[in-house]
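Small disclaimer: the values here were computed from a predicted structure and weren't measured.
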Amino acid sequence: MRRFLPVLSITIAAFFAYSTVLAKDVTERTLTIRAARLVEVFALLGAFVTVAMIVAALVSTSTFRIVFAQRMRELALLRAVGATRVRLARGLIVEGALTGLLASVAGVALAAGLGQLVPLAGLEAPGLPLMPALVVVFGSFVLTTLAVLAPAWSAAKVSPLEALRTSAVQDAQSRIGGPRWVLGGLMVIGTGLLLVNVAVEGLATKQRPSGMTEDLLLRTTISGALAFGALITLGPALISPVLRLISLPLRRSTIGTLAVSGVGGAPRRAASVTAVVALGVSLIIATLTGANTLQGLGRAEMASAYPADLEITGTVDVAALNAAGLTDVLPYRRTEITVAGQLTMRATDLDLTRLRDLPDFRVDSGALGDMGPHKIILSTSTASRLGLTAGSQTDVNGVRMTVAATLFGGVPLGSALLHSSDVEGESVGALANGARERVPPGFEVESLADRRLAQENWFTSLVAIALGLLFLTLVIAVVGVGSTTALSVLERTRESGLLRAIGLTRKELRRLVTTEAGLYGIVGAVVGLAVGIPYAWLAIISLGIEWPLQVPVVPVGVVVLVLAALTAGAGLLPARRAARVSPVAALHSIQ
């Protein structure tokens, strides 16, 4: 069964990558109105897809090690009958490459097949982009080939006599050499430099030239890759102190102490698998945080764009609208203004203090109550372009005005708001709340509530699709935990027998193995949290989104708990295998 784990990992990764392409195609085919954040969301998701493919490669490397370790006697026999190390390694590499090719084709085919079911959800079916499919297949093939190189060469170096001896725990050394420290240090320095560079340049540049967002996202992705490279490189030396800190509550019980010792007994392997888990967790946490931040901004934009149920244009009769049963009827006038001699925009005299209380409507600086004659309200983006904030003074059509407030997400019905004393003419429209059917005949009306609901629905659906795809990274990480636990059980058969011999029951041994598997998830989750939230902030900066970072605490906590449960569950099958071996048989085992 474990021979299929590399296939599963690469299939999921290929499915993930091609599903993202199809999700974008579905969105573009279905939406009749282009969303301002659509390109940014898929640019961010594309960066996460790249990292997810790396997760699959790391899991495949770990899984190939297990598969080759289980075939140690077979490989030893081939060496005994004359197979050279180079020939044996070449055969194992070809096996891994074919695995990657078949798995990537299966993943792309599965994504394409499921993509044709989206009409059942009321969406338009995606096309079948051939070039992205070929790119995904080729990329997965290359990644799998690279992933199998180290396990294949390591397995080919085993001599016949070594393969016939009792298996010992591999990767038991926590010390790393000087070159590895240097390489890890360089990765840490590179990560820090890119972090500072992206943060400074992203925050300082308000007017972005074409391609800058993609460039910042690329640097963010490279920085993340370097961070996890440093974690894998320096991990064996760092896993023990991190494990001691996190596992303090477990040391109160015998099973917990043994589990901590089991994980810490192979620090190189523990560092590798926790890095994979951390990578998956960081992707999920960063996506949750980024999506929550984008949804907050989206709700503010919707509140600004659609601040009431109805917009009535033309000559407005307030008394007639009130008599028809509409509420909060608020007429407005419109004019053209030039701010600071640079930007020409539409402005209205809409009184925001009289709008109904929309919880998503947010003020960046200043206060709506500060509005008065010769004062102006601008959006945060417009104010940033002009270098203004609440309290700043600027020229508006030759009149000196003070910025009363700046608003996240935009200004309703235009780009700026003026006081009624600064706008001339008659009302050109009104906002109102109530059913569209209540509007008397003769009035031109548009349902803002329907448009707002449509925009919110498509964004919620898009985020759900993204999270559904990214959840597959956790599946890949859990597969890696199961693979690592299985290898640990295989190598520690005699240890399991000794524990049984001194009185540990089968139930306690199963609990020990599942606790070890859960520890991999907990350590990875903690590291993923420490990395995911800062990189979510960095991604928001890269996208140029002017909105405070919003971390969804409850969903993040749920992800951590679910991951701990899933990784513990991944150890159930290895735990059953460990518990089935009798003490006498285990003590006589040579594998």
Evaluate the side-chain contact (heavy atoms from CB on, under 4.5 Å) criterion for residues Ile541 and Leu216: first the C-alpha distance (whole Å), next the side-chain angles of each, then the deciding distance (0.1 Å), finally the verdict. CA-CA 9 Å; Ile541 292 176; Leu216 290 177; 5.8 Å; no
Got Asn292 and Val551 here, is their nearest side-chain heavy-atom distance under 4.5 Å?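 Not in contact.
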Heavy-atom distance under 4.5 Å between the side chains of Val260 and Leu519, does that happen here? yes
What's the shortest heavy-atom distance between [X] and [Y], and which atoms?
{"X": "Leu529", "Y": "Pro534", "result": "O-CD, 4.1 Å"}
{"X": "Gly184", "Y": "Ala230", "result": "O-CB, 4.0 Å"}
{"X": "Pro552", "Y": "Pro555", "result": "O-CD, 3.3 Å"}
{"X": "Val198", "Y": "Arg219", "result": "CG2-CB, 3.7 Å"}
{"X": "Ala525", "Y": "Leu563", "result": "CB-CD2, 3.8 Å"}
{"X": "Pro241", "Y": "Ala237", "result": "CD-O, 3.8 Å"}

All pairs passing side-chain hydrogen bond (donor to acceptor under 3.5 Å, both in side chains) where residues 552-569 contributes a residue, at least two apart: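 side-chain hydrogen bond (donor to acceptor under 3.5 Å, both in side chains) check on residues 552-569 returns no pairs.
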[X]: side chain to side chain contact (heavy atoms under 4.5 Å, CB included) partners, not counting sequence neighbours:
{"X": "Ile93", "value": "Thr145, Val148, Leu149, Ala152"}
{"X": "Ile222", "value": "Leu194, Leu218, Leu226"}
{"X": "Ala227", "value": "Thr191, Tyr535"}
{"X": "Leu561", "value": "none"}

Could you work out, with side-chain hydrogen bond (donor to acceptor under 3.5 Å, both in side chains) as the rule, every residue matching Thr233, not counting sequence neighbours? none
What distance do [X] atom [atom1] and [Y] atom [atom2] have between them, rounded to the nearest 0.5 Å?
{"X": "Glu201", "Y": "Ser542", "atom1": "CD", "atom2": "OG", "answer": "9.5 Å"}
{"X": "Leu538", "Y": "Thr220", "atom1": "CG", "atom2": "OG1", "answer": "4.0 Å"}
{"X": "Leu238", "Y": "Leu231", "atom1": "CG", "atom2": "CG", "answer": "7.5 Å"}
{"X": "Phe141", "Y": "Leu146", "atom1": "CZ", "atom2": "CG", "answer": "9.5 Å"}
{"X": "Thr289", "Y": "Ile533", "atom1": "OG1", "atom2": "CD1", "answer": "5.0 Å"}
{"X": "Leu102", "Y": "Ser140", "atom1": "CG", "atom2": "OG", "answer": "12.0 Å"}

Restricting to pairs with a member in residues 96-110, which pass salt bridge (charged side-chain N to carboxylate O under 4.0 Å, His left out), not counting sequence neighbours? none
Restricting to pairs with a member in residues 277-286, which pass salt bridge (charged side-chain N to carboxylate O under 4.0 Å, His left out), not counting sequence neighbours?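 The answer is none; no pair qualifies.
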Start with the C-alpha gap between Glu508 and Ile255, add the side-chain angles, then the distance that decides, and say whether side-chain contact (heavy atoms from CB on, under 4.5 Å) holds. CA-CA 7 Å; Glu508 289 173 331; Ile255 297 298; 4.0 Å; yes
Identify each donor-acceptor pair in which a side-chain atom of residues 84-91 lies under 3.5 Å from a protein atom, sequence neighbours left out, and give them as a table.
unit_1: Thr84; atom_1: OG1; unit_2: Arg87; atom_2: N; d: 3.1
unit_1: Arg85; atom_1: NH2; unit_2: Lys157; atom_2: O; d: 3.4

Who passes salt bridge (Lys or Arg N to Asp or Glu O under 4.0 Å) against Arg510, sequence neighbours left out?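 With sequence neighbours excluded, Arg510 shows a salt bridge (Lys or Arg N to Asp or Glu O under 4.0 Å) to no residue whatsoever.
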Anything under 3.5 Å between a donor and an acceptor, one on a side chain of residues 129-138, the other on a protein residue two or more places apart or in another chain? List them.
none

